[in-house]
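Counting starts at 1 for both ligands and their atoms, following the listed order.
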Amino acid sequence: MRKKIVAGNWKMNKNFEEAKALVAELLGMVEAEASTTTEVVVCVPFPYLLTVQQLTAGKSIKVGAQNCSEHTSGAFTGEVSAPMLQSLHIPFVIIGHSERRQYFAESYAQLAKKTDQALANNLTPIFCCGEPLEVREKNEHEKLVKEQIEASLFHLSATDLQKVVIAYEPVWAIGTGKTASAQQAQDMHAVIRQHLASKYGAAVANSISILYGGSVNAGNAAELFACTDVDGGLVGGASLKSREFTDIVKAMKA
Ligand code: PEP
């Protein structure tokens, strides 16, 4: 059975005091809403990982990083490796967020290596894919998203693929307030699942959690999460507000 997951992506927001305050609020609110069937994750900036990990220890909120290096160790100034994250017992890491693809020119091959690093170090990769607006306007979104998945994930064994969480995030919906309609989300999630099935078989494809991301908020979450192939959300802006993020978690339970 695939897991339901609501993951927050704080991006490069909050100073340390604000970050601790947000976690304290979330612990007070989300904890009461957490269910055994929904995993709640907060992906925080690197310097806060250990503190947030300690603050949430034994609670229902799990911690994730927002990136990791494709290298194991060495002369890569400024980078953070998957073994480092593992040594902090961090369970999740976002790989291939569209902002990393766009601003840091992360390539398909690099993302394949980052995914390998995450898996080799017992981290669950939340692998992001999704098309920019001009690609959707040309009606080439299915082709591009299939290509992104194929190029960076299809080298994995079925066993490893089943450890990956996929997040479909249309770039035109990220941070713009424009959400994909529930139908657009469901259609793409079904395309992704079908593509996974074409290589790994239906049983494997059906066991993989596919999250939707792109301006998810307390008002639209329930409709998106009700779609057959939507197993949760990757939430940016709304994850910075404790009440709103909690309401999104609640929408998953409904
Ligand atoms: C994201 O950062 O992955 C995201 C979906 O952001 P937002 O919810 O703000 O659109």
Colleague: Under a plain distance cut-off of 3.5 Å, with no hydrogens placed, do Tyr212 and Gln186 share a side-chain donor-acceptor pair?
Modeller: no
Colleague: Please verify whether a non-hydrogen atom of Ala173 lies at under 4.0 Å from ligand 1.
Modeller: yes
Colleague: Ignoring angles and geometry beyond distance, decide whether Ala238 reaches within less than 3.5 Å of ligand 1 through its nitrogen or oxygen atoms.
Modeller: no
Colleague: Is the contact between Ala167 and ligand 1 made by the side chain, the backbone, both, or neither, using heavy atoms and a 4.0 Å cut-off?
Modeller: neither
Colleague: So does Glu99 pair up with Lys11, basic N to acidic O under 4.0 Å?
Modeller: yes
Colleague: Can you name the one residue among Lys4, Lys3, Arg2 that meets salt bridge (Lys or Arg N to Asp or Glu O under 4.0 Å) with Glu39?
Modeller: Lys3
Colleague: Atom 2 (O) of ligand 1: which protein heavy atom is closest, and how many Å away?
Modeller: Lys11 CE, 2.6 Å
Colleague: Show which atoms of ligand 1 fall inside a sub-4.0 Å distance from at least one heavy-atom site of Ser215.
Modeller: 7 (P), 8 (O), 10 (O)
Colleague: Below 3.5 angstrom, do we get any N/O pair linking Gly237 and ligand 1?
Modeller: yes
Colleague: Do NZ/NE/NH1/NH2 and the carboxylate oxygens of Glu17 and Lys20 come within less than 4.0 Å?
Modeller: yes
Colleague: With heavy atoms under 4.0 Å as the rule, classify the contact between Asn9 and ligand 1 as side chain, backbone, both or neither.
Modeller: side chain
Colleague: Note the single closest protein heavy atom to atom 4 (C) of ligand 1, along with its residue, its atom name and the distance in Å.
Modeller: Gly236 N, 3.6 Å
Colleague: Go through ligand 1 atom by atom and flag the ones less than 4.0 Å from a non-hydrogen atom of Gly214.
Modeller: 5 (C), 10 (O)
Colleague: Please identify which of these residues, Ile149, Leu119, Ile126, Leu196, meets the side chain to side chain contact (heavy atoms under 4.5 Å, CB included) condition with Val164.
Modeller: Leu119
Colleague: If you measure every N/O of Gly175 against every N/O of ligand 1, is any gap under 3.5 Å?
Modeller: yes
Colleague: To check your reading of the model: name the closest protein heavy atom to atom 1 (C) of ligand 1, its residue, and the distance in Å.
Modeller: His97 NE2, 3.2 Å
Colleague: Would you indicate which of Glu99, Glu169, Gln66 comes nearest to atom 3 (O) of ligand 1 when only heavy atoms are counted?
Modeller: Glu169
Colleague: Could you list which atoms of ligand 1 come closer than 4.0 Å to a heavy atom of Leu234?
Modeller: 3 (O), 5 (C)
Colleague: So if I apply the side chain to side chain donor-acceptor pair (under 3.5 Å) rule between Tyr168 and each of Gln148, His141, Gln184, Glu131, which one comes out positive?
Modeller: Glu131
Colleague: Taking Leu123 as the starting point, is it possible to reach Leu234 by hopping between hydrophobic residues whose side chains are less than 4.5 Å apart?
Modeller: no
Colleague: For Asp116 and His155, which I'm curious about, is there any donor-acceptor pair between the side chains at under 3.5 Å?
Modeller: yes
Colleague: Hey, is Asp247 close enough to Lys241 for a salt bridge, meaning N to O under 4.0 Å?
Modeller: no
